[in-house]
Amino acid sequence: MLSDDLRRPLVRQLAESDAPRHYWHLGDEDGRAWLFESVEGDAEHWAVRQVEVGTDRGARRYWWRHLQDERGFLTDQPLEIWELTEITREAFEAVWEASG
């Protein structure tokens, strides 16, 4: 993983770009969920915002201003979109705001 000093400006540049956005959801059998806002770059989808919802329903947000903490981090790999379900911007934003 790149250091935050190198990663932060790259994620910020993507996040502040005019590139089209896509919104995604992934859940597992234990009740955890991940939501992503992605931007396309180099023909891949890169997460610029991410919400993780744990089994306790507690949510953590990651983005260029908060790349990681002791419990998780903004993914640093392109999203494998064939494993994800596309959702609406409104659905993503509702969870993002509720988790702040």
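All values below come from the heavy atoms of this structure, side chains included, with hydrogens, waters and symmetry mates left out.
- For the atom pair CD (Gln68) and CG (Asp76), the distance works out to 9.0 Å, reported to the nearest 0.5 Å.
- Side-chain atoms of Glu52 never come within 3.5 Å of backbone atoms of Ala59 as a donor-acceptor pair (strictly under, hydrogens ignored).
- Glu44 meets the salt bridge (Lys or Arg N to Asp or Glu O under 4.0 Å) test with no other residue; sequence neighbours excluded.
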Acceptor/donor pairs from residues 27-35 side chains to any protein atom, 3.5 angstrom cut, sequence neighbours excluded:
unit_1: Asp28; atom_1: OD1; unit_2: Asp30; atom_2: N; d: 3.0
unit_1: Asp28; atom_1: OD1; unit_2: Gly31; atom_2: N; d: 3.1
unit_1: Asp28; atom_1: OD1; unit_2: Arg32; atom_2: N; d: 3.0
unit_1: Asp28; atom_1: OD2; unit_2: Arg32; atom_2: NE; d: 2.7
unit_1: Asp28; atom_1: OD2; unit_2: Arg32; atom_2: NH2; d: 2.7

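- Qualifying ring-ring contact (aromatic ring centres under 6.0 Å, His included) partners for His25, counting only residues two or more places apart in sequence or in other chains: none.
- Between the Trp46 side chain and the Gly41 main chain, a donor and an acceptor come within less than 3.5 Å of each other.
- Taking hydrophobic clusters as Ile, Leu, Val, Met, Phe, Trp and Tyr residues chained together by side-chain heavy-atom distances below 4.5 Å, Leu26 does not share a cluster with Val53.
- No single ILVMFWY cluster, assembled from side-chain heavy atoms under 4.5 Å apart, contains both Tyr23 and Phe36.
- No single ILVMFWY cluster, assembled from side-chain heavy atoms under 4.5 Å apart, contains both Leu84 and Ile87.
- Residues forming a salt bridge (Lys or Arg N to Asp or Glu O under 4.0 Å) with Asp69 (at least two apart in sequence, or on another chain): none.
- In this structure, Val11 is a member of the same hydrophobic cluster as Tyr62, with clusters built from ILVMFWY side-chain heavy atoms closer than 4.5 Å.
- Residue Gln13 qualifies as open at atom CD: its count of foreign heavy atoms under 6.0 Å is 12 or below.
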Could you go through Arg7 and Trp64, starting from their C-alpha distance and side-chain angles, then the distance that decides it, and tell me whether this counts as side chain to side chain contact (heavy atoms under 4.5 Å, CB included)? CA-CA 8 Å; Arg7 211 167 144 229; Trp64 71 266; over 6 Å; no
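- Cluster note: Trp82 groups with no other residue, as no ILVMFWY side-chain heavy atom lies under 4.5 Å from it.
- Ring geometry, Trp63 versus Trp96: the interplanar angle exceeds 60°, so the pair is classed perpendicular (tilted spans 30 to 60°).
- Residues satisfying the side chain to side chain contact (heavy atoms under 4.5 Å, CB included) criterion with Thr88, sequence neighbours excluded, are Glu90, Ala91.
- Between Val48 and Arg12, every side-chain heavy-atom pair lies at or beyond the 4.5 Å cut-off.
- For the side-chain hydrogen bond (donor to acceptor under 3.5 Å, both in side chains) test, residues two or more places apart in sequence or in another chain that qualify with Glu40 are His22.
- Under the salt bridge (Lys or Arg N to Asp or Glu O under 4.0 Å) criterion, Glu37 pairs with Arg21, Arg49, not counting sequence neighbours.
- Under the side-chain hydrogen bond (donor to acceptor under 3.5 Å, both in side chains) criterion, Arg61 pairs with no residue, sequence neighbours left out.
- Take Asp56 and apply the salt bridge (Lys or Arg N to Asp or Glu O under 4.0 Å) test, not counting sequence neighbours, and it matches no residue.
- When the side chain to side chain contact (heavy atoms under 4.5 Å, CB included) test is applied to Ala94, no partner is found at least two apart in sequence or on another chain.
- Considering only heavy atoms from C-beta on, Val39 comes within 4.5 Å of Ser17 through its side chain.
- With sequence neighbours excluded, the residues satisfying side-chain hydrogen bond (donor to acceptor under 3.5 Å, both in side chains) with His45 are Ser38.
- For the pair Thr85/Trp24, no side-chain contact is recorded, criterion being any heavy-atom separation below 4.5 Å from C-beta on.
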